Amino acid sequence: MADSSQENIGITISNHLLLNQQLSTGATGSYTRLLQALVLACKIIQRDVAKAGLVDVLGRAGTINVQGEEVQKLDELANTTVKRRLSASGECCGLISEEEADIIEIPRQYPQGNYLVHFDPLDGSSNIDANVSIGTIFSIYRRITPATNDMDLQDALQRGVEQVGAGYVIYGSSCILVFSTGQGVNGFTLDPSIGEFLLSHPNIKTPARGKIYSINEGNYSYWDEPTKKYIDYLKNGYAEHKTNYTARYVGSLVADFHRNLLYGGIFLYPADLKDPKKPHGKLRLMCEANPLAYIVEQAGGLATSGRERIMEVEPRYIHQRTPLIIGSPEDVRLYQEFVEGRRS
Ligand code: P6P
């Protein structure tokens, strides 16, 4: 049996956060405690996701299990987990969840902090029964209203450029946490044998151009003309690169985004001109587009709605949707040439 004292486990996320804090002048530890609460929430969600396939053995979600407890649906469970951990951190003044219509107040038994978090507790959860990777996405802001009042919409509806941090966890063949606090992007892989996230992807930079495009081609007839022309162009092998792109689409945002971030390429969820439910696309500005835009720009990529930089979109309401075109800078710039009529 190897002597575990000699084992080099590398840098844990706790080491990374505390080092970051020491290097940040004036840091009080508040932000670190918030991130540690998020890390704990993601470990709990990973545990629940990992056994989700067994829920059938114990009774399907939404039923009563043998212990007489209601088996919660996984996304409800994930939502409750993030709310509880962030509230208990004492560092938040309010939360906004993709699962809930309104701002979530922090229970009075906890201190009210200076941060607010938009989050999608379990994006892509409809894929869980097929064991497809799903994820948690989060976006962190500092409150801008006086701490003496309750948090309000002014705090919740800040543009993406005001984020002080963002990230996601992908629950897949391994559990990887990718986040940035404004000094680059780092990825940490959970080692279940010690229950720690270890630095596995330091200083992620996305390739300038990829060979992957990710879009739901079933919606082709609903796209605007520039999007149709751009995808047709990629599929017909465009001149200067003399290469065809390859289509990769999981249908789980975090899985598609994470693959393209590492390998290069472009993900598109454009507006749907025929579906009155999706005139601005399907994805949410505050808890999906903005956090991934923050990450991709920190990794050297770009994110646009087609009309403007995602992080400059003015939020009008908390569950606002937006078209999202995101990925390698040269790919997103080429898409923009079609949108602006500079290429057809
Ligand atoms: P479509 C999952 O339901 C989700 O919200 C994202 O994770 C994913 O990118 C998108 O919807 C897929 O949508 O319309 O292609 O099935």
Side-chain angles (χ1 to χ4, degrees), residues 8-21 23-24 31-32 34-47 49-50 78 82 117 119-124 132-140 163-208 210 212 214 248 250 252-267 287-303 326-329:
N8 173 15
I9 61 168
I11 297 173
T12 69
I13 195 163
S14 306
N15 298 145
H16 178 84
L17 293 176
L18 292 171
L19 184 61
N20 251 7
Q21 178 187 323
L23 297 175
S24 309
Y31 192 46
T32 299
L34 170 68
L35 291 169
Q36 286 172 326
L38 269 169
V39 168
L40 177 56
C42 295
K43 286 181 183 177
I44 295 168
I45 295 169
Q46 159 62 18
R47 176 204 61 194
V49 166
V82 175
V117 181
F119 64 95
D120 186 349
L122 206 60
D123 179 77
V132 169
S133 300
I134 53 181
T136 298
I137 310 171
F138 56 88
S139 167
I140 307 170
Q163 293 174 98
V164 295
Y168 60 88
V169 178
I170 183 166
Y171 308 107
S173 49
S174 57
C175 179
I176 297 179
L177 166 61
V178 175
F179 78 98
S180 173
T181 57
Q183 287 81 35
V185 180
N186 293 292
F188 298 80
T189 300
L190 182 65
D191 178 342
S193 70
I194 56 173
E196 273 287 2
F197 278 103
L198 305 179
L199 183 63
S200 52
H201 300 71
N203 193 28
I204 296 173
K205 291 297 177 194
T206 198
I212 294 171
S214 308
R248 289 286 181 274
V250 175
S252 182
L253 177 59
V254 176
D256 282 316
F257 175 80
H258 184 70
R259 179 202 55 242
N260 292 3
L261 179 73
L262 299 183
Y263 295 172
I266 187 168
F267 172 93
C287 66
E288 291 171 324
N290 267 330
L292 297 186
Y294 184 88
I295 293 288
V296 86
E297 289 199 8
Q298 283 286 320
L302 294 175
I326 188 169
S328 295

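Note that this is a predicted model, so its numbers are computed, not measured.
Side-chain N or O atoms of Q36 include none that pairs as donor or acceptor with a backbone N or O of S14 at under 3.5 Å. Judged by distance alone, with hydrogens and angles left aside, the side-chain atoms of S328 form no donor-acceptor pair with the main-chain N or O of G264 at under 3.5 Å. R259 places a side-chain N or O within donor-acceptor distance of the main-chain N or O of R248, the cut-off being under 3.5 Å. The main-chain N or O of I170 is never found under 3.5 Å from a side-chain atom of S133 such that the two would form a donor-acceptor pair. For the pair Y263 (side chain) and H258 (backbone), a donor-acceptor distance under 3.5 Å is absent. Without hydrogens or angle criteria, S139 side chain to A166 main chain gives no donor-acceptor distance under 3.5 Å. Side chain of N260 to backbone of F257: no donor-acceptor contact under 3.5 angstrom is found.
Of all the heavy atoms in G135 and V254, the pair that sits closest is CA-CG2, 3.9 Å. When every heavy atom of I295 is checked against every heavy atom of V185, the shortest pair comes out as O-CG2, 3.5 Å. The two residues S180 and Q298 come nearest to each other via the heavy atoms OG-CG, 3.3 Å. The minimum heavy-atom distance between A255 and V250, with the atom names listed, is CB-CG1, 4.1 Å. When all heavy atoms of F138 and L38 are compared, the pair lying nearest together is CD1-CD1, 3.6 Å. Pairing each heavy atom of P329 with each of P207, the nearest pair is CD-O, 3.7 Å.
Between N15 atom CG and T12 atom OG1 the span is 3.0 Å, to the nearest 0.5 Å. For the atom pair S214 OG and I326 CD1, the distance stands at 11.0 Å (nearest 0.5 Å). Atom SG in C175 sits 13.0 Å away from atom CZ in R47 (nearest 0.5 Å). Note: L302 CG to E297 CD = 6.5 Å, rounded to the nearest 0.5 Å.
Counting heavy atoms of neighbouring residues, nucleotides and ligands inside a 6.0 Å radius, atom CD1 of I11 does not exceed 12 of them.
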**Study point:** I266/I212 under side-chain contact (heavy atoms from CB on, under 4.5 Å): CA gap, chis, key distance, verdict
**Key:** CA-CA 6 Å; I266 187 168; I212 294 171; over 6 Å; no

Point to revise | Intermediate values then yes/no, side chain to side chain donor-acceptor pair (under 3.5 Å), D123 and S252 | key: CA-CA 7 Å; D123 179 77; S252 182; 4.7 Å; no

Practice item. Show the numbers, then the answer: is there a side-chain contact (heavy atoms from CB on, under 4.5 Å) between V49 and L122? Key: CA-CA 10 Å; V49 166; L122 206 60; 4.1 Å; yes

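Side-chain contact between P291 and F119 is absent, with no heavy-atom pair separated by less than 4.5 Å. Residues V169 and I176 have side chains not in contact (no heavy-atom distance under 4.5 Å, counting atoms from C-beta outward). Counting only heavy atoms from C-beta outward, the side chains of L199 and I13 never approach each other to under 4.5 Å. Considering only heavy atoms from C-beta on, I44 stays 4.5 Å or farther from C42 through its side chain.
In this structure T136 satisfies the side-chain hydrogen bond (donor to acceptor under 3.5 Å, both in side chains) test together with Y171, sequence neighbours excluded.
Applying the side-chain hydrogen bond (donor to acceptor under 3.5 Å, both in side chains) test to residues at least two apart or on different chains, the pairs with a partner in residues 196-206 are T189-S200.
None of L35, I140, N186 except one satisfies the side chain to side chain contact (heavy atoms under 4.5 Å, CB included) rule with T181; the exception is L35. With Y168 as the partner, the side chain to side chain contact (heavy atoms under 4.5 Å, CB included) test is satisfied by one option alone out of D120, L253, L261: L261.
Using cut-offs of 30° and 60° on the angle between ring planes, the pair F179 and H16 is perpendicular.
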